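These numbers were taken from a predicted model, which means no experiment stands behind them. Excluded from the calculations below are hydrogen atoms, water molecules and symmetry mates; all remaining heavy atoms, backbone and side chain alike, are included. Letters A, B, ... are given to chains in the order of the sequence lines, protein chains preceding strands, and every chain is numbered from 1.
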Number of protein chains: 2
Amino acid sequence: MELMEKKMDLFIKKCKQEGLKITPQRIAVYEILLNSKSHPTVEEIYEEVRKRYPFVSLATVYRTVETLEQVSLVRKVCYWGSSARYDANTEDHHHIVCIKCGIIRDIHVQGEPQISEKPEDFEVLGYSINFYGLCSSCKKNHSST
Amino acid sequence: MELMEKKMDLFIKKCKQEGLKITPQRIAVYEILLNSKSHPTVEEIYEEVRKRYPFVSLATVYRTVETLEQVSLVRKVCYWGSSARYDANTEDHHHIVCIKCGIIRDIHVQGEPQISEKPEDFEVLGYSINFYGLCSSCKKNHSST
DNA sequence: ATACCTGCAAAGGCTTTGCGGTTCG
DNA sequence: CGAACCGCAAAGCCTTTGCAGGTAT
């Protein structure tokens, strides 16, 4: 996978640009987000990080994802009151969310939505489309709940 | 405004249907949500309710909105880590959100988005489109921030 | 009369923060 | 070396819950 390495290079470059130091914790968090398609919660990232570095604290993971978000290396996504989740894919894309377990996956959508009547003076900067439903594993267990 | 009264009638009917008691607190919360276009937070609803009934507790407002959500009389919406907001408009519609103050307004959108590659086995139940940007009052103060 | 609802206060999650010591550049 | 960063523990939101008394039907 050289795509990963390319992204890690960009990560390092971006950090230097922004005056952020390259620490093992930061690399670990970003790498985990790059490797994951499920948009993990901070807790999940934390558990993953600790497999490599058992001494890392939860607060550090919180601080790291916030820092990375500020420099647009990751995105924060939150749905339905569950805890925040993070996404290393910062390109234009949308999400499909399981209403039961909260897992999120990236999707692409054709065409652009058009607002019929925009509130006056509202400056639109972007949009996101969220599909929701049941993922395969939750669908299986759905009847038995 | 007889539309309001019509909606209040539906509210009463729905409550009876569901075996919910019609209490002043419930009426107040629902009325406030009906009258508001800004999708208030629980805290905001609470402050509004207390103008009429100074003895009402915050816990009651939390319980009330949750109950109303369960019987589909209101909808919970949450964006960007700010606290949850509630919406008495349960018809199909989408939202436009100010990234600065968090205010939400309803909008309508033309056409339906089409997913290019849906993850296998994911059962799609619905979708929502969220536009984000700056509302008029935040846009004014933007340069001075 | 009774099942449901409320106010109060305490507890529960998730997230942030202050501090002193550590590490990167 | 200095600024940025980290681990730890404590504190801060927002939200939920247990209980005893009150209210709608």
Separation of atom [atom1] in [X] from atom [atom2] in [N], rounded to whole Å:
{"X": "Tyr30(B)", "N": "dC5(C)", "atom1": "OH", "atom2": "C1'", "value": "20 Å"}
{"X": "Lys21(B)", "N": "dA1(C)", "atom1": "NZ", "atom2": "C1'", "value": "10 Å"}
{"X": "Glu18(B)", "N": "dC4(C)", "atom1": "CD", "atom2": "P", "value": "13 Å"}
{"X": "Ile12(A)", "N": "dC24(C)", "atom1": "CD1", "atom2": "P", "value": "13 Å"}
{"X": "Leu58(A)", "N": "dT15(C)", "atom1": "CG", "atom2": "P", "value": "9 Å"}
{"X": "Tyr62(B)", "N": "dG7(C)", "atom1": "OH", "atom2": "C1'", "value": "16 Å"}
{"X": "Glu44(A)", "N": "dT15(C)", "atom1": "CD", "atom2": "P", "value": "11 Å"}

Considering only dT6(C), dC24(C), dT15(C), which nucleotide approaches the side chain of Thr60(B) most closely?
-> dT6(C)
Can you figure out which of dT15(C), dT16(C), dC4(C) approaches the side chain of Ala59(A) most closely?
->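 Given the options dT15(C), dT16(C), dC4(C), the side chain of Ala59(A) is closest to dT16(C).
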Is a salt bridge present between [X] and [Y], judged by a nitrogen-to-oxygen distance below 4.0 Å?
{"X": "Arg50(B)", "Y": "Glu47(B)", "result": "no"}
{"X": "Arg75(A)", "Y": "Glu91(A)", "result": "no"}
{"X": "Lys7(B)", "Y": "Glu2(B)", "result": "no"}

Which of parallel (below 30°), tilted (30 to 60°) and perpendicular (above 60°) describes Tyr30(A) and Phe11(A)?
-> parallel
Would you mind classifying the nucleic acid contact of [X] as base, sugar-phosphate or nothing, using non-hydrogen atoms under 4.0 angstrom?
{"X": "Arg63(A)", "result": "base"}
{"X": "Glu66(A)", "result": "nothing"}
{"X": "Glu43(A)", "result": "nothing"}

Count the heavy atoms belonging to other residues, nucleotides or ligands that lie under 6.0 Å from CG of Asp92(B), then report whether that count exceeds 12.
-> no
Counting only heavy atoms not in Gln17(A), do more than 12 sit closer than 6.0 Å to its CD atom?
-> yes
In this structure, which one of Asp106(A), Ile129(A), Ile107(A), Asn130(A) forms a side chain to side chain contact (heavy atoms under 4.5 Å, CB included) with Ile96(A)?
-> Ile107(A)
What pair of heavy atoms forms the shortest contact from Val124(B) to Ile115(B), and how long is it?
->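 Minimum heavy-atom separation between Val124(B) and Ile115(B): CG2-CD1, 4.4 Å.
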How would you give the extent of chain B contacts on DNA chain D, as first and last nucleotide 5' to 3' within a 4.0 Å heavy-atom cut-off?
-> dC14(D) to dT25(D)
Please list every stem that involves DNA chain C, where a stem is a run of 3 or more consecutive Watson-Crick or G-U wobble pairs with both pairing distances under 3.5 Å.
->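 Stem list for DNA chain C: C:1-25 with D:1-25.
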Does the ring centre of Tyr127(B) sit less than 6.0 Å away from the ring centre of His94(B)?
-> yes
Thr23(A) or Lys16(B), whichever maps to the more 5' nucleotide of DNA chain D = Thr23(A)
